[in-house]
There are 2 protein chains.
Amino acid sequence: MPGTPRVKAPQMAIRRLSMYYRTLAVLREQGVASVSSEHLSTLTGSTAAQVRRDLAYFGSFGRRGVGYDVESLQSHMRGILGIGEGWPMALVGVGNLGSALLAYDGFPRQGFRIVEAFDSDPRRVGTVIRDVVVKPMDQVRETVRERRIAMALLAVPAKAAQAVTEQLIDAGVRCLLNFAPISLKVPSHVYLASVDLSIEVEYLSYLLRESRAEDSASNDIRTDVTTMMPL
Amino acid sequence: MPGTPRVKAPQMAIRRLSMYYRTLAVLREQGVASVSSEHLSTLTGSTAAQVRRDLAYFGSFGRRGVGYDVESLQSHMRGILGIGEGWPMALVGVGNLGSALLAYDGFPRQGFRIVEAFDSDPRRVGTVIRDVVVKPMDQVRETVRERRIAMALLAVPAKAAQAVTEQLIDAGVRCLLNFAPISLKVPSHVYLASVDLSIEVEYLSYLLRESRAEDSASNDIRTDVTTMMPL
DNA sequence: AGGAGCTTGTGATATCTTTCACGTGGCAAA
DNA sequence: TTTGCCACGTGAAAGATATCACAAGCTCCT
Ligand SMILES: NC(=O)c1ccc[n+]([C@@H]2O[C@H](COP(=O)([O-])OP(=O)(O)OC[C@H]3O[C@@H](n4cnc5c(N)ncnc54)[C@H](O)[C@@H]3O)[C@@H](O)[C@H]2O)c1
Ligand SMILES: NC(=O)c1ccc[n+]([C@@H]2O[C@H](COP(=O)([O-])OP(=O)(O)OC[C@H]3O[C@@H](n4cnc5c(N)ncnc54)[C@H](O)[C@@H]3O)[C@@H](O)[C@H]2O)c1
């Protein structure tokens with residue numbers, strides 16, 4: 001590794017790394033050998049300075065006056081993000097969303113595979129989707145331990161989410177990706193990310209609302225919208 | 001209107017409002033009439049100061065020495081977020097994920113309904129899911145305009161996403177929630193949010209990797225990480 | 001070899017966000 | 001009414017993140 005991180009990388013920087021990685025994969029397919037921070041930034045909707053800073057958190061991967069070697073940079077990103085190590089994942093809750101996740105080919109393409117699926121509904125248990133047999137919940141503990149599964153996807157109803165989370169953590173899971181619209185409590189050695197559609201939709205709704213309020217600001221009594229910035 | 005915003009609310013503050021809103025709904029169901037910032041913060045995994053500041057971006061909704069009236073605060077949040085106005089939404093791409101989204105009862109419960117669905121595959125067109133008939137793509141423009149649909153969910157393959165986005169914007173859509181793993185380009189009057197599972201999973205993978213690499217002192221007090229990519 | 005032209009990596013700076021800490025207003029009980 | 005406690009709202013401080021701007025390093029051309 002060319003360099004060592006001096007300071008902790010911001011969360012968002014790490015997330016942007018994923019974008020860079022994916023963009024690099026596309027560039028490589030297109031036969032592009034070298035890319036500048038400027039170029040990468042336009043492709044990912046970032047800025048050149050941001051790209052350079054983000055990468056600099058992890059080392060110096062480029063060559064001055066030249067840019068970044070696509071293949072080598074992609075390989076570094078892969079290493080940092082842990083892509084391609086074939087992390088096995090477990091899925092709990094094989095309903096509408098869970099079934100879609102099982103069928104999703106984006107995971108295997110990035111080197112993450114759902115290798116086990118669980119559901120509490122006896123009618124779901126035993127069904128097979130994409131070579132994965134749905135197992136009953138009482139096999140979570142044994143299966144997760146045996147296969148050393150560190151990552152789990154949670155697609156159960158919000159009411160069941162906290163209890164299932166605790167089962168999974170007890171079984172040894174270290175990372176959880178939660179889809180239920182609820183704020184899960186996990187111990188500090190467990191990493192949690194959430195995909196919450198309500199938040200996304202309501203955020204858009206807020207922006208839309210606000211933009212319309214501003215449009216009609218001429219008629220509005222509200223005069224202080226644009227007023228002050230601190231200092 | 002108890003107050004007017006002095007400064008622009010941070011994106012994350014707005015997203016946290018969604019959490020507060022949902023928590024308030026639960027409290028109300030439980031018959032709780034009043035809540036303090038301290039209480040709300042423990043329920044949402046935030047801090048008391050954060051809760052107060054977030055709310056203060058939009059006005060003063062509480063009573064000193066008492067706390068916030070659950071019903072009234074929820075109602076304010078609803079207004080700010082535009083919940084319950086029955087925003088009609090369009091869905092494009094009725095595949096694995098799109099079908100799950102159509103069946104998702106979380107949207108209607110928050111006052112957002114998918115009222116139209118489109119797909120380019122003739123075999124999908126005409127099928128009915130939850131009272132919604134899947135229409136062909138050449139009806140996007142007319143339908144979206146006629147029904148004044150401002151918000152759309154994008155569940156098509158990444159390759160098709162940019163083109164479909166442009167069709168939707170042309171038809172008058174102002175807000176897009178994208179599920180394809182790609183960085184979409186939209187004009188500045190259009191709002192875009194993305195749910196990108198690769199980013200989530202790779203972020204978790206990074207954290208796991210890092211925690212193992214420097215298995216020594218990592219005192220991360222993580223509670224919850226909810227997605228956000230700025231446009 | 002030297003210079004022109006380019007792009008990185010990074011101090012310094014600006015901006016944004018969170019946290020602290022306390023004045024203020026409010027309630028209840030004596 | 002007065003006393004004591006409580007919890008909000010908010011300036012100010014601290015902390016985190018993004019942007020600027022430029023020295024340093026690389027390639028190519030003459
Ligand atoms: N459907 C969507 O598009 C969508 C989108 C975003 C979020 N979500 C969220 O994802 C979760 C699942 O949604 P869905 O639409 O697939 O619901 P669903 O009802 O179709 O599926 C839930 C599945 O979880 C199983 N389950 C219930 N309790 C369980 C338990 N204690 N242990 C194990 N399995 C259990 C059920 O048997 C069912 O198969 C919900 O929290 C929902 O809010 C769904
Ligand atoms: N399946 C999942 O769980 C999942 C999870 C996260 C993200 N995604 C993303 O969501 C998108 C859809 O995934 P999926 O699994 O549902 O795929 P899918 O192939 O099952 O569905 C895609 C649908 O889009 C339609 N389509 C293709 N091109 C179109 C076009 N130009 N216009 C309109 N419709 C078109 C197809 O006919 C198909 O019905 C993909 O970008 C995928 O990466 C999927």
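Both backbone and side-chain heavy atoms feed into the values below; hydrogens, waters and symmetry mates do not. Every value quoted in this text rests on a predicted model; they were computed, and no experiment measured them. Chain identifiers are assigned alphabetically (A, B, ...) following the order of the sequence lines, protein sequences preceding nucleic acid strands; residue numbering begins at 1 within each chain.
- Using a distance-only test at 3.5 Å, with no hydrogens or angles considered, no donor-acceptor pair links the side chain of A/S37 to the main chain of A/R52.
- With hydrogens and angles disregarded, a donor-acceptor distance shorter than 3.5 Å links the side chain of B/T44 to the backbone of B/L40.
- Two residues are said to be in side-chain contact when any heavy atoms from C-beta on lie closer than 4.5 Å; B/S194 and B/L184 fail this criterion.
- Straight-line distance from the CG atom of B/L55 to the P atom of D/dC8: 9 Å, rounded to whole Å.
- B/D54 has its CG atom 11 Å from the P atom of C/dT17, to the nearest Å.
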Test side-chain hydrogen bond (donor to acceptor under 3.5 Å, both in side chains) on A/Y20 and A/D54; report intermediate values, then the result. CA-CA 10 Å; A/Y20 304 151; A/D54 286 344; 2.7 Å; yes

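- Of the candidate nucleotides C/dT10, C/dT19, C/dT8, C/dT8 has the atom lying nearest to any side-chain atom of A/S37.
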Quick one, A/L208 with B/W87, criterion side chain to side chain contact (heavy atoms under 4.5 Å, CB included). Give me CA distance, side-chain angles, the key distance, then yes/no. CA-CA 11 Å; A/L208 189 57; B/W87 290 119; 3.9 Å; yes

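- One distance of note links CG of B/L177 with OG of A/S205; it measures 12.5 Å at 0.5 Å rounding.
- If you take CD1 of B/I14 and P of C/dC16, they are 14 Å apart, rounded to a whole angstrom.
- A donor-acceptor pair is defined here as one N or O able to donate and one able to accept, closer than 3.5 Å; no such pair exists between the side chain of B/R22 and the backbone of A/I199.
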Reading 5' to 3' through nucleotides 20-30 of chain C, protein heavy-atom contacts under 4.0 Å coded B for base, S for sugar-phosphate only, - for none: -B-BBBSS---

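- By the 30° and 60° cut-offs, the orientation of the rings of A/Y206 relative to A/Y203 is parallel.
- Summarising the geometry, atom CG belonging to B/L101 is positioned 6.5 Å from atom CG belonging to A/L197; distances are rounded to the nearest 0.5 Å.
- Here C/dT19 is the nucleotide among C/dT19, C/dT10, C/dT8 with the atom lying nearest to any side-chain atom of B/T47.
- Proximity of A/Y68 to the phosphate of C/dG9: a side-chain N or O atom is located under 4.0 Å from OP1 or OP2.
- The separation between A/F61 atom CZ and D/dC26 atom P is 17 Å, rounded to whole Å.
- Taking atom CG of B/L40 as the reference point, atom P of D/dG9 lies 12 Å away to the nearest angstrom.
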Between the protein and nucleotides 14-17 of chain D, list the N/O to N/O atom pairs that are separated by less than 3.5 angstrom.
none

